[in-house]
Enquirer: 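Below is the structure I would like to discuss, written out as structure tokens.
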Amino acid sequence: MQRRIPLIIVLLTGIFGAVAFFVPYPAIRNADEIMRNDVQRIITAFSLVLGVGSIVQHHLLKIRRKAQFWPYSYITIVALVITAIIGVFGGIDVTRPGVLPTRVGNFSFHIQTIYSNMMVPLAATMFSLLAFFMSSAAYRAFRARNLEATLLLLAAFILMLGAVPLGRFIHHRLPAFAEWILAVPNTASKRGILFGVELGIFATSLKIILGIERGWLGGGGK
Amino acid sequence: MNISTDPWVWIAAILTLAIFSFLYKENPLYRFAEHLYVGIANGYAITFYWHRVLVPSFFDRVGAASTPIATKIWLIVIAVIGALYFTRFIPKVSWLVRIPIAIVLGYACGASIPRAIDAEIIRQAKATIITRASFAHWQTGLWAVIILLGVIATISYFFFSSERKGVLKPLSYAGIIFIMIGFGASFGYTVMARISLFIGRLQFLLGDWLGLIK
């Protein structure tokens, strides 16, 4: 029962999701609309419990076991709780304040202020670090050993040069050539790969609906 | 030099420098910023789902006098199913978490089948086919031919059902050529995107924070 009921639900909702695309009857269209706008949205919002719950559980376990760098786990948990309290009770729109005051004098600690001044700088800097690591990895890994590797190297180099003023300075047609690489050979290879990816999605979806692929059920249960 | 007096600019600058300190080596300042980021990102996600999804889609509608009783009951049933995610943390009934997952996963899989075929396979194939309109200009015609050959070559590279000999051998080799150019282009594009983020952070540090540049 613990595995059969979820498998039956997957089969029924899967068939409905696929059939609703083709059936023009208003009743089916309305049901599909409800499924998309109510059921999926509300249930997906609750799925956040899994993610946040797992992170909290992981950090509490680290603190309990005094694992390596465990004091930092307090920072994650405290930051999570404070941000969530400010966000949920202080309101998400600056123009519509919530029950919790988010301003002390001229100092605002509204969730959007936290987002702009803490989350955005942290995320942008974290991702900008990748420029250094990608460049150093490329320096070590990219060697023009054969034609294929040389083409990869050249395409990357032309794309990078084409995006900066130096490229135009070297040759006035370099930016246009970089755009051509993106629009023609890149499109051709991406489209070819995309066909494979979509056929893979089709096959995997079918396997999940028919209960052949059961990895999502996890372990345990009958 | 016109250093900012806004405390939030200072907080953002210190956090930016804390993350950049990783370029030297892993250190307590970086670890602090990293853990802070995870906490804030999750806290913001809770806020977002609460205000943008649960409040308008559930609480506002259930609380509204104009909503029919049947709709209210239906919404409450959906919320109860969603709340089954909490059972993940109660070992005895943790299997119930499979019910909301089954509903979301089943519908998403079912809906993705016709959409994948329609939008990603049929329309992409249509865009690849050469028509008379492709040759409105000799250049566009030539590029359309290259794209068609590139798509066929790329697909043939991933065709593993028969040995690579005869026409399949040069075709799959041409596929590798196209794939390598594609990967190179993606790599270059991604590096440039990251570098533009890096420039953005430098502009913030030197402009908004230190006031050295405008």
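It should be emphasised that the depicted structure is a prediction, and the values quoted were computed from it without experimental measurement. Residue numbers begin at 1 in each chain, while the letters A, B, ... track the order of the sequences.
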Enquirer: Just give me the residue among B:T128, B:I195, B:I146 that pairs up with chain A most often, heavy atom to heavy atom, under 4.5 Å.
Expert: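 Option with the top pair count is B:T128.
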Enquirer: Would you please say whether a donor-acceptor pair under 3.5 Å links the side chains of B:S112 and A:S205?
Expert: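 B:S112 vs A:S205: donor-acceptor pair found between side chains.
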Enquirer: Any idea which of B:I181, B:I99, B:L84, B:V38 has the most non-hydrogen atom pairs under 4.5 angstrom with chain A?
Expert: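 Highest number of pairs under 4.5 Å: B:I181.
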Enquirer: Under a 4.5 Å cutoff for heavy-atom pairs, which residue among A:I5, A:I193, A:I181 has the most contacts with chain B?
Expert: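 Option with the greatest count: A:I193.
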Enquirer: Let's test your reading of the structure: which of B:A127, B:A108, B:S156 forms the most heavy-atom pairs below 4.5 Å with chain A?
Expert: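 Option with the top pair count is B:A127.
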Enquirer: Of the listed residues (A:F21, A:F46, A:W216), which shares the most heavy-atom pairs with chain B below a 4.5 Å separation?
Expert: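 When all of A:F21, A:F46, A:W216 are compared, A:F46 has the most.
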Enquirer: Can you find a heavy atom in the side chain of B:Y37 that is under 4.5 Å from one in the side chain of A:M118?
Expert: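 Contact flag for B:Y37/A:M118 side chains = no.
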Enquirer: For A:F69, does the six-membered ring have the charged nitrogen or CZ of B:R31 within the cation-pi criterion, i.e. under 6.0 angstrom from the centroid and within 45° of the normal?
Expert: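 Flagged: B:R31 positioned over aromatic ring of A:F69.
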Enquirer: Using a cut-off of under 4.5 Å on heavy-atom pairs, state which of A:P71, A:S116, A:S128 scores highest against chain B.
Expert: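 If we count pairs closer than 4.5 Å to chain B, A:S128 comes out on top.
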Enquirer: Considering only heavy atoms from C-beta outward, does the side chain of B:Y49 approach that of A:V52 to under 4.5 Å?
Expert: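 The answer is no, as the side chains (C-beta and beyond) never meet within the 4.5 Å cut-off.
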Enquirer: Please determine, among A:P185, A:G17, A:S54, the option with the most heavy-atom pairs under 4.5 Å with chain B.
Expert: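 Top count of heavy-atom pairs under 4.5 Å with chain B: A:G17.
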Enquirer: Using ring centroids (six-membered ring only for Trp), state whether B:F158 and A:F195 fall under 6.0 Å.
Expert: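 Aromatic pair excluded; centres sit 6.0 Å or further apart.
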Enquirer: Please look at A:Q112 and chain B and tell me whether the side chain, the backbone, both or neither of the residue comes under 4.5 angstrom of a heavy atom of that chain.
Expert: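 For A:Q112, the side chain is the part near chain B, not the backbone.
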Enquirer: Considering only heavy atoms from C-beta outward, does the side chain of B:F22 approach that of A:M126 to under 4.5 Å?
Expert: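 B:F22 vs A:M126: side chains apart.
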Enquirer: Among A:H59, A:Q40, A:M134, which residue forms the greatest number of heavy-atom pairs with chain B at distances under 4.5 Å?
Expert: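 Greatest number of close heavy-atom pairs with chain B: A:Q40.
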Enquirer: Under 4.5 Å from any heavy atom of chain B, what part of A:A20 do you find: side chain, backbone, both or neither?
Expert: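 Neither part.
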Enquirer: When you compare the side chain of B:Y85 with that of A:L48, does any pair of heavy atoms fall below 4.5 Å?
Expert: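 Sidechains of B:Y85 and A:L48: no contact.
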Enquirer: So which residue, B:L96, B:L23, B:V77, ends up with the most heavy-atom pairs under 4.5 Å with chain A?
Expert: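 Result: the option with the highest number of such pairs is B:L23.
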Enquirer: Does a side-chain heavy-atom distance below 4.5 Å link B:I40 with A:L80?
Expert: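 Contact flag for B:I40/A:L80 side chains = no.
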Enquirer: Are the side chains of B:M192 and A:L159 in contact, using a 4.5 Å heavy-atom criterion?
Expert: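 Counting from C-beta outward, A:L159 and B:M192 never come under 4.5 Å.
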Enquirer: Any side-chain donor-acceptor pair under 3.5 Å between A:K190 and B:T154?
Expert: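 A:K190 vs B:T154: no donor-acceptor pair found between side chains.
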Enquirer: Report yes or no: does A:T76 contribute a side-chain atom to a donor-acceptor pair with the main-chain N or O of B:H35 at less than 3.5 Å?
Expert: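 Answer holds: yes.
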Enquirer: Which one of A:I55, A:N106, A:T44, A:I15 has the most heavy-atom pairs closer than 4.5 Å to chain B?
Expert: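 With the most close heavy-atom pairs to chain B, the winner is A:I55.
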Enquirer: Has B:R98 got a side-chain atom pairing as donor or acceptor with A:L217's backbone, closer than 3.5 angstrom?
Expert: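 Here the side-chain-to-backbone pair exists.
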Enquirer: Answer whether the closest heavy-atom distance between the side chains of B:R194 and A:F133 falls below 4.5 Å.
Expert: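 B:R194 does not reach A:F133 side chain to side chain.
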Enquirer: Do the side chains of A:T125 and B:L15 get nearer than 4.5 Å, heavy atoms only?
Expert: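 Not in contact.
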Enquirer: Show your working on side chain to side chain contact (heavy atoms under 4.5 Å, CB included) between A:M160 and B:Y189 and close with a plain yes or no.
Expert: CA-CA 7 Å; A:M160 285 191 266; B:Y189 204 69; over 6 Å; no
Enquirer: Please confirm whether the backbone N or O of A:G87 pairs with a side-chain atom of B:H51, one donor and one acceptor, at under 3.5 Å?
Expert: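 Judged by distance alone, yes, a pair lies under 3.5 Å.
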Enquirer: Is the side chain of B:W8 donor-acceptor paired with the backbone N or O of A:S108 at a distance under 3.5 Å, no angle test?
Expert: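 A pair under 3.5 Å: yes.
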